[in-house]
Amino acid sequence: MAAVQQQQMISRARAAFKSGKTLPLSFRIKQLKNMIRFLDECGDEILDSLRQDLRKSKMEATLFEIEVMRSDFNHLIRNLKSYAKGDKLPTNLMSFEDSASIKRDPYGLVLVLGAWNYAFSLSLQPLAGAIAAGNCVILKPSECSPKSAATMARLIPKYLDNECYHVYEAELEDTKLLLTNHFDYIFATGSIGMGKSVLAAAAPNLTPVTLELGGKSPTYIDETSDLEITVKRVLWGKFTNLGQTCIAPDYILCSKKVEKEFLKAASKVVTEWYGDNSRKSPDLARIVNDRNFNRLKSILDKTKGRVVFGGETDQKERWVSPTVLVDVLTDDAAMEEEIFGPILPILTVNSPDEAIEFILSRPKPLALYIFSKQEKVVQTFLDRTSSGGVCVNDVIWQAANEGLPFGGVGGSGMGSYHGSFSFDTFSHKKAVLHRGFSKMSENMSSGRYPPYTDKNLSFFRTVMRNLHRFQLTYGQVVSHIMAVGVGVVIFYLMQTLTL
Amino acid sequence: MSGDSVTWIELQKESDPMDFSKKVSHLSSSFLSGKTLDLNFRLKQLKALLRLYEENNGKILEALHKDMRKSELEAYLYEVTLMKNDCRDAIQLLKSWAKPKFLKRNWLVLADEAWIEKVPFGVVLVIGTWNYPFQLTLVPMCGAIAAGNCVIIKPSEISSYSAAVMAELIPKYLDRDCYQVVLGGPEETEKLLEEKFDYIFYTGSMKIGKKIHAAANKYLTPVTLELGGKSPVFVDDTVNYAMTARRIMWGKCMNMGQTCVAPDYILCSKKVEIELIKEMKITLQEWYGSDSKKATDLSRIGHKRHFERLKMFLSNSGSIALGGGIDESELWIEPTILVNVKPMDPIMQEEIFGPILPIVTINSPDEAIKFINARPHPLCLYIFSEVKCLQEQMKNMTQSGTAVINDTIVQFAIDELPFGGIGESGMGYYHGKFSFDTFTHQKGVVERNFSFLADKVGVFRYPPYTERKINFISFLMGHWKKFKIVYFDYIPYFLCFLLGIVLVILVQYFL
């Protein structure tokens, strides 16, 4: 049953792509504008679904789902023409009748696998990127956020072309079945385990993939940082969405001295934000399902660290309170895998080098956070470590900048998106060379033909060695000369008019 | 060369798989030491690589001749010169490629800086292939070095002389702690792939490409696969037949058709077929004389298994219009044109990779487009036509790694163009800056500070959440772009504008 439904959906999408429907930019822009209408008209449904799936507060749902998507869709609409037009290479005097360019072609049928923690934005931002690049798309939202998935399945078809774009709700087994089909690109957000399953499914079809995974994002804090501000920024990043953010600061590396100051400020901040009983605060979300709740509870049960504050849980509500652990060793239960919850372990390091060695001994994270006013320390971290992205003196902020690629490296993922990087991800750069049949064109290049002679060899050797010298970047030169010309003309006109 | 023949034998011994873990772990330590991050170190290695090319022309040409009887011109231009150009570009442009890209600032967070850093992956594995054994192994290696990685190359065992030369020379010129050569066949490669690499670059067949991809997945290792496929050539009746015939035959005969971007088969009408064959006959006669086996400009088939495969096509697909001669002892196949080829013929089921050119009859460009789209995406699409709208239509309605109008293969030599496939013809790109980009991870960095202004903008995000905060931040997010500082771009033009005024004043003053 599921297999038949999937085949029908895939056939329809492939037929739509083959028809060339998604190639005109006007069609793509129309779809993206409809995505914005979806945000405008269905805001309440989106907020309601997120509240039901994760008890997400209005502020977090509005800003980190709706507004983030709106910003991204608008960016794509504004820039689509310039992204899609490709690049024209400078003319070369040796072959001035030729033209070389890079054309941006869609891949074809793209599969987007969404995630549950930012159920809408992590599904619809990749969808929008794939649409912008001219692909047809099947979106499978995460089954772990079922209300959000159902809302997308119900509402998106009212806004997007039903032949080209499909929202498919499915549980894990049917998702595995879906992955046995041939897609031209797969974009998946989720865990490392999910990433490996996607790769295993993609390999036999040679399907390229982007994987947005996760990992443990380390946060280094030294004594020069402004601790009052640092604590707020780190705790904001940690407790937003109750820690269920792929780039949440996972654990802290600092000296005992910094830890003492951090803890003093932290408990004040938590009370200021969430009151004396944080469980009653409307601003804190809940853990998405029992499996994740049990995982976090197990960390609290098994940790050999000391709970400074927090540590409370409630199975019924899937509630884990904002918690800070100290005296955590490197082999602690809290240090085994990505926490993805509101538990913040602090590990003691006595120097930046010690922190760096520790970070290097572990898989590359999705984000690295450095809190320090010392330029040299910051630079050392930047030079010696590798991570998806970095934020200095704040957290999460790097994901909000559309000019920056958002993606992992090593165990935290492959590929990136946001802004122009979304367009790049979902399009193939096709090199196009256009030659002519003029006599001059043929004479210039006929030395390549047999019979091969030493004279031809020398000639081509010289030409090939010096090809780059004949590159005309006349566009830039001409525009500057024109600016001089404009100055001349305007001044002359002014003189004439005033006389 | 007699002293060297001992070296050939010794060096052709395969690497010991027991060494692989040690090699990879040694390179990994070298990478972690930060040695390859220094641009000067990388430049030194690239300059040494260039010297390797410049000082060993003779050895390289001899190996290519021994492996495939490659002619001096083809070996020199399509291996050595391409490698030298690639290396020189990397040396000249490394600093500009590697420098971080700073983004425009925003008034709202004036003190914040955002930029993109290019970070090497770590230990890269480059698996080469046999048809252009030096170029297809060392050009990716050069890119990986420029990007700051440590590299292991595994040249193809089929072009064994070339592999031996690389194994001999690389350790003499490049830092052995960072760059190594591993020799071996399928078994050794499988063993090597059990190790954890941070990037794998493979050139070769689709079948092996799938295996490489599957092996890489164990460690979530990203890959670039440069595969192949059947590159179609569409020809209509508006072309200059003589030039078209020459350009197609040049692409087909180069390296005996054993080029991943060789024109694989032709799609044209019967009328065009007649004209083309006429011109191709003249061309082949002009180039190779009446007995092309004697022409030194033609290489040989790379290995016996490959020869057997090609020999079968001569009898099981279409009929021979030109050529058809073979000599098993020399692994020689004459440049051959087949006509009356049906879509289901064996020669149309896989990449030919030899000097046989089938012609499939189609009666319109639409039929050609349908034919191409019914098959896996090719590495190249070649369109021979003078009709602009037809060129556009074919280019836009099909998908291919690259597309060339009115010639074949030449796109490969233009470093500013990305070279790579799509679908079954591969994933990823390289050449020039695209090589550098392939072997680096783009790391987004934001540097904030603790200043009053920076904090004031960010403080509204903190709980307790209120409607006022939601509205304020929504407003900021919606209008963030308006505060981007863009005028810096226009300053040079403004200065030129002032220069124009100054020039007029000066001219008037002196006249």
Side-chain angles (χ1 to χ4, degrees), chain A residues 57 59 62-63 67 71 89 100 102 105 195-196 199-200 203-204 206 208 226 229 232 236 273 283 360 383-384 386 389-394 397-398 401 403-405 409 411 414 428-435 437 442 448-452 457 460-461 464 480 483-484 486-488 491-492, chain B residues 32 34 37 71 73 76-77 81 85 103 114 116 119 210 213-214 217 220 222 240 243 246 250 287 297 399 402-407 411 414 416-418 422 424 427 429 441-450 455 461-465 470 473-474 477 493 496-501 503-504:
Chain A
S57 62
M59 173 127 159
T62 306
L63 299 182
E67 290 309 317
S71 191
L89 266 49
I102 303 170
D105 279 354
K196 289 187 177 177
L199 276 176
L206 289 169
D226 182 325
I229 298 179
K232 285 194 170 144
W236 168 75
W273 288 355
D283 298 340
L360 289 177
D383 290 341
R384 291 196 56 205
S386 181
V390 176
C391 191
V392 180
N393 299 330
D394 210 322
W397 209 261
Q398 76 279 16
N401 190 323
L404 292 178
V409 64
M414 51 179 78
H428 167 71
K429 294 189 178 93
K430 181 159 84 182
V432 182
L433 177 63
H434 194 141
R435 301 212 66 220
F437 285 120
E442 185 65 354
R448 54 180 156 157
Y449 300 139
Y452 298 147
L457 174 55
F460 269 104
R461 191 156 60 193
M464 284 171 81
H480 282 77
V484 171
V486 167
V488 166
F491 188 73
Y492 183 72
Chain B
L32 285 174
L37 298 179
S71 66
L73 185 137
Y76 200 81
L77 291 186
T81 306
N85 280 356
L103 303 186
I116 302 172
V119 178
K210 289 183 181 181
H213 195 340
N217 295 343
L220 287 170
N240 176 315
M243 283 190 206
R246 278 202 293 274
W250 172 72
W287 289 356
D297 296 342
Q399 289 170 274
T402 61
V404 183
I405 295 163
N406 298 334
D407 211 330
Q411 79 278 23
I414 300 176
E416 290 81 7
L417 287 175
I422 181 177
E424 288 185 27
M427 55 178 78
Y429 323 90
H441 162 66
Q442 294 196 83
K443 179 164 86 177
V445 183
V446 172
E447 187 163 357
R448 305 210 67 219
N449 57 52
F450 297 110
D455 200 48
R461 54 181 152 158
Y462 302 140
Y465 298 148
I470 297 177
I473 299 185
S474 296
M477 286 174 79
Y493 293 98
C496 287
F497 172 78
L498 290 178
L499 180 63
I501 296 175
L503 281 174
V504 172

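Side chains included, hydrogens not; waters and symmetry mates left out as well; all remaining heavy atoms used. To find a chain, count down the sequence lines: A is the first, B the second, and so on, and within it residues start at 1. Remember, it's a predicted structure, so these values are computed and weren't measured experimentally.
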Relative to each other, are the rings of Trp273(A) and Tyr462(B) parallel, tilted or perpendicular (30° and 60° limits)? parallel

[X] versus chain B, the contacting section by heavy-atom distance below 4.5 Å:
| X | answer |
| --- | --- |
| Asn401(A) | side chain |
| Pro451(A) | both |
| Asp105(A) | side chain |

Choice from [options] maximising heavy atom contacts with chain A below 4.5 Å:
| options | answer |
| --- | --- |
| Leu499(B), Ile473(B), Leu498(B) | Ile473(B) |
| Asn240(B), Thr81(B), Asp455(B), Val119(B) | Asp455(B) |
| Trp250(B), Tyr76(B), Tyr429(B), Trp287(B) | Trp287(B) |

Side chain / backbone / both / neither for [X] at chain A, heavy atoms under 4.5 Å:
| X | result |
| --- | --- |
| Phe450(B) | both |
| Leu503(B) | side chain |
| Leu37(B) | side chain |
| Leu77(B) | both |
| Leu32(B) | both |
| Val404(B) | both |
| Ser71(B) | side chain |

Between the main-chain N or O of [Y] and the side-chain N or O of [X], is there a donor-acceptor pair closer than 3.5 Å?
| X | Y | result |
| --- | --- | --- |
| Tyr465(B) | Ser57(A) | no |
| Asp297(B) | Pro450(A) | no |
| Lys210(B) | Pro204(A) | yes |

Side-chain contact test, heavy atoms from C-beta onward, threshold under 4.5 Å: evaluate it for [X] versus [Y] and give yes or no.
| X | Y | answer |
| --- | --- | --- |
| Lys430(A) | Ile422(B) | no |
| Met477(B) | Leu63(A) | yes |
| Asp407(B) | Leu433(A) | no |
| Leu199(A) | Leu220(B) | yes |

So NZ of Lys232(A) and CZ of Arg461(B): to nearest 0.5 Å the spacing works out to 10.5 Å

One should read off an interatomic distance between Gln398(A) CD and Arg448(B) CZ, to the nearest 0.5 angstrom, of 11.5 Å

Where is the tightest heavy-atom contact between [X] and [Y], given as atom of each residue plus distance?
| X | Y | value |
| --- | --- | --- |
| Leu404(A) | Ala114(B) | CD1-CB, 4.3 Å |
| Met427(B) | Leu206(A) | CE-O, 3.3 Å |
| Ala200(A) | Asn217(B) | N-ND2, 3.8 Å |
| Pro464(B) | Asp283(A) | CA-OD2, 3.2 Å |
| Met243(B) | Tyr449(A) | O-OH, 4.5 Å |
| Ser474(B) | Thr62(A) | OG-CG2, 4.1 Å |

Looking only at Ser386(A), Ala431(A), Ser71(A), Gly195(A), the option with the highest number of non-hydrogen pairs under 4.5 Å against chain B is Ala431(A)

